[in-house]
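Reading through the structure tokens given below for one structure.
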Protein chains: 2
Amino acid sequence: MTKSASLEKGLLVLNLLDGTEQPLGIREIARRLSMAPAVTQRMVSTLSEYNYVTQDPDSRKYKLGYRALSLGSNMLSDDALVSSAMPELRRLADLRNLNCYLGVVQRNSLVYVLAVQSSGPVAIRSAPGTVSHFHSTAMGKALLAATDEETARALLGSEPLAVLTSRTMTEIDAVLDDLGTVRRTGFATSIEENLPGIHGVGAVVRDASGKAVAGLSVAYSPQISPQQTIEAAARLVTEAADNVSRRLGCPLDRLINAV
Amino acid sequence: MTKSASLEKGLLVLNLLDGTEQPLGIREIARRLSMAPAVTQRMVSTLSEYNYVTQDPDSRKYKLGYRALSLGSNMLSDDALVSSAMPELRRLADLRNLNCYLGVVQRNSLVYVLAVQSSGPVAIRSAPGTVSHFHSTAMGKALLAATDEETARALLGSEPLAVLTSRTMTEIDAVLDDLGTVRRTGFATSIEENLPGIHGVGAVVRDASGKAVAGLSVAYSPQISPQQTIEAAARLVTEAADNVSRRLGCPLDRLINAV
DNA sequence: AAATTTTGTTCCTATTATCGGAACAAAGTT
DNA sequence: AACTTTGTTCCGATAATAGGAACAAAATTT
């Protein structure tokens with residue numbers, strides 16, 4: 001695969017600016033990326049022309065522009081999946097005080113597409129576009145369970161599983177074993193396996209062809225919400241996932257709580 | 001301002017892919033951008049390597065990748081303004097069934113940063129990053145009114161004002177005249193000036209230095225919500241804006257409803 | 001089922017955009 | 001007021017890019 005060096009440099013500038021809070025000057029960007037200031041200047045000027053970056057009028061430093069925000073937002077608004085899931089997530093977040101997520105598999109990665117924070121005390125931040133792990137999250141395990149073992153192994157990857165908490169499953173076979181339970185019950189759990197002190201419950205959303213197209217999950221802190229139980233959350237999640245699936249035209253017998 | 005031709009081509013590919021719903025093939029992208037297929041291939045490969053675009057495994061066509069989604073989302077989560085405003089918008093959207101927006105001025109453009117749709121029947125879509133007009137929206141006029149006439153003229157631009165509805169103000173001087181009322185009352189209105197059948201009310205948010213840093217607005221359809229009045233909406237909007245300003249450390253005497 | 005068009009992708013070299021040191025003016029700092 | 005550091009421009013040596021041609025794999029048509 002041949003690649004364009006100049007375009008790559010521009011993307012590196014975007015990545016850098018996306019990762020830093022404060023605006024950066026041309027020479028500082030150049031330093032961090034080991035590029036010549038003149039080159040950096042050219043990249044930044046081009047990015048600026050397309051509003052991917054903007055220059056602060058006072059400090060003359062650069063930060064991400066609004067195009068960085070708007071890029072990809074059409075993916076959300078034009079999407080049947082997103083518009084079907086949004087009301088369900090909002091309902092769960094508002095009425096039940098849960099942090100709700102919708103995610104899809106893209107290029108063997110688990111990507112969050114929607115994140116609706118509960119208005120309650122703990123907002124578990126996870127911005128759209130963020131990549132997460134299959135083996136440690138309830139959403140990830142729910143999606144794994146909807147595939148065969150071969151695909152699941154491919155999604156888990158060849159590298160050692162990342163250890164995120166003391167309860168993260170570290171063996172691929174242990175994860176695969178867990179999927180049997182997920183398939184039987186219709187939902188997956190993550191008991192402090194992804195974030196310390198956070199419980200998650202996830203289930204899959206299916207489209208008209210019955211294929212699993214997304215994972216829907218909720219997360220909460222049992223320390224702050226002691227009245228919340230896995231079982232109650234599982235009921236809410238599977239119902240919400242089924243509601244979305246129904247809206248996508250999924251056959252009724254493929255729903256988690258099939259009739 | 002010199003610019004990088006290759007980077008520009010890559011950005012054009014992103015713009016194209018962002019604007020089309022269906023995935024596009026290499027040769028189709030090349031055709032629409034008048035580029036050679038081999039060149040397009042190189043750009044797309046590079047963008048793909050950084051996950052800005054992904055290739056559909058079946059059709060081998062390309063669409064935006066998850067990096068297009070995640071780029072810029074840190075702007076939202078790390079931002080004091082956004083995290084201060086989000087709860088207020090959510091409250092207005094949920095309890096009062098209003099579509100709520102937060103926007104800032106960037107590079108002489110009015111950019112939506114947050115959009116919280118009401119769970120009610122009419123969701124007035126406006127994705128984050130979208131650019132809107134100063135002269136036709138309540139948020140825009142509120143922000144204009146917070147500046148002096150010279151700055152306001154600069155923000156309105158030199159081109160003729162876009163006509164969006166039959167009630168859109170088309171004369172710059174008429175808009176500037178209107179700002180006096182906005183300054184006196186503390187809020188701006190848009191009565192079907194931006195979207196037919198949609199009323200909007202907006203006010204400004206100020207930071208610790210008292211500077212207007214953002215506009216907060218709500219929109220609703222009076223046909224569907226006949227009980228809603230401009231006056232009631234104005235009270236909610238100015239209160240919400242003041243709450244956000246307070247959270248940003250704004251001096252109390254600079255608030256709209258000053259003590 | 002065979003023929004044909006269209007697809008994504010790679011190769012290659014003339015061409016052209018890019019690189020980066022040097023130079024400049026404007027801010028900021030000492 | 002002297003000095004440093006900043007964003008920005010210039011320009012010749014250089015290295016990356018452009019794009020036609022070629023290929024194999026799909027998709028389409030015959």
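The sequence lines fix the lettering, A, B, ..., with proteins before strands; numbering per chain opens at 1.
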Candidate nucleotides [options], ranked by approach to the side chain of [X] - the nearest:
X      : options                  : value
K9(B)  : dA18(D), dC19(C), dG7(D) : dA18(D)
P37(A) : dT8(D), dG20(C), dA17(C) : dT8(D)
A38(B) : dG19(D), dT9(C), dC19(C) : dG19(D)
Y62(B) : dT8(D), dA18(D), dT9(C)  : dT9(C)

> Is R254(A) paired with D242(A) through a side-chain N to carboxylate O contact shorter than 4.0 Å?
Replying inline: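 Salt bridge flag = no for R254(A) with D242(A).
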>> Looking at R247(A) and D207(A), is there a salt bridge between them, counting it only when a charged N and a carboxylate O are closer than 4.0 Å?
In response: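 Looking at R247(A) together with D207(A), the answer is no, because their closest N to O distance does not fall below 4.0 Å.
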In whole Å, I'd like the distance from the [atom1] atom of [X] to the [atom2] atom of [N].
X      : N       : atom1 : atom2 : value
L7(A)  : dA16(D) : CG    : P     : 15 Å
E28(B) : dT7(C)  : CD    : C1'   : 12 Å
K61(A) : dT8(D)  : NZ    : C1'   : 16 Å
R31(A) : dG7(D)  : CZ    : C1'   : 13 Å
L33(A) : dG20(C) : CG    : P     : 13 Å
I26(A) : dG20(C) : CD1   : P     : 15 Å
L24(A) : dT6(D)  : CG    : P     : 12 Å
D56(A) : dT6(D)  : CG    : C1'   : 14 Å

> How do T2(A) and V39(A) order along DNA chain C: which one's closest nucleotide is nearer the 5' end?
Replying inline: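 Residue closer to the 5' terminus by nearest nucleotide: T2(A).
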> According to the Watson-Crick and G-U wobble definition with distances under 3.5 Å, which dot-bracket string, read 5' to 3', encodes DNA chain C, using [ ] for crossing pairs and | for pairs with another strand?
Replying inline: |||||||||||||||||||||||||||.|.
Tell me, do [X] and [Y] make a side-chain contact under 4.5 Å, heavy atoms counted?
X       : Y       : answer
V131(A) : Y66(B)  : yes
V204(B) : L216(B) : no
D173(A) : L176(A) : yes

Check [X] against [Y] and note the closest heavy-atom contact, atom names and distance.
X       : Y       : value
M75(B)  : G65(A)  : CE-O, 3.9 Å
A214(A) : L102(A) : CB-CD1, 4.1 Å
M169(B) : L161(B) : O-CD1, 3.7 Å

> Contact class for K3(B) (heavy atom, under 4.0 Å): base, sugar-phosphate, or nothing?
Replying inline: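 If one applies the 4.0 Å heavy-atom cut-off, K3(B) turns out to touch the sugar-phosphate alone, with no base involved.
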>> Under 4.0 Å, counting only non-hydrogen atoms across every strand here, what does S45(B) touch: a base, just sugar-phosphate, or nothing?
In response: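 Here S45(B) touches no strand at all.
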> Under 4.0 Å between a side-chain N/O of Q41(A) and OP1 or OP2 of dT9(D), yes or no?
Replying inline: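 It does, given that an N or O in the side chain of Q41(A) lies less than 4.0 Å from OP1 or OP2 of dT9(D).
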> Just to confirm, is there a sub-4.0 Å distance from OP1 or OP2 of dT17(D) to any side-chain nitrogen or oxygen of S6(A)?
Replying inline: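 Checking S6(A) against dT17(D): at least one side-chain N or O falls below 4.0 Å of OP1 or OP2.
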> Does Q55(A) use its side chain to pair, donor to acceptor, with the backbone of K61(A) at less than 3.5 Å?
Replying inline: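 No: the side chain of Q55(A) does not pair with the backbone of K61(A).
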Could you write out each protein N or O paired with an N or O of nucleotides 22-29 of chain D at a distance under 3.5 Å?
none

> Between CG of L16(A) and CG of L33(A), what distance do you get to the nearest 0.5 Å?
Replying inline: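 Rounded to the nearest 0.5 Å, the CG-CG separation comes to 5.0 Å.
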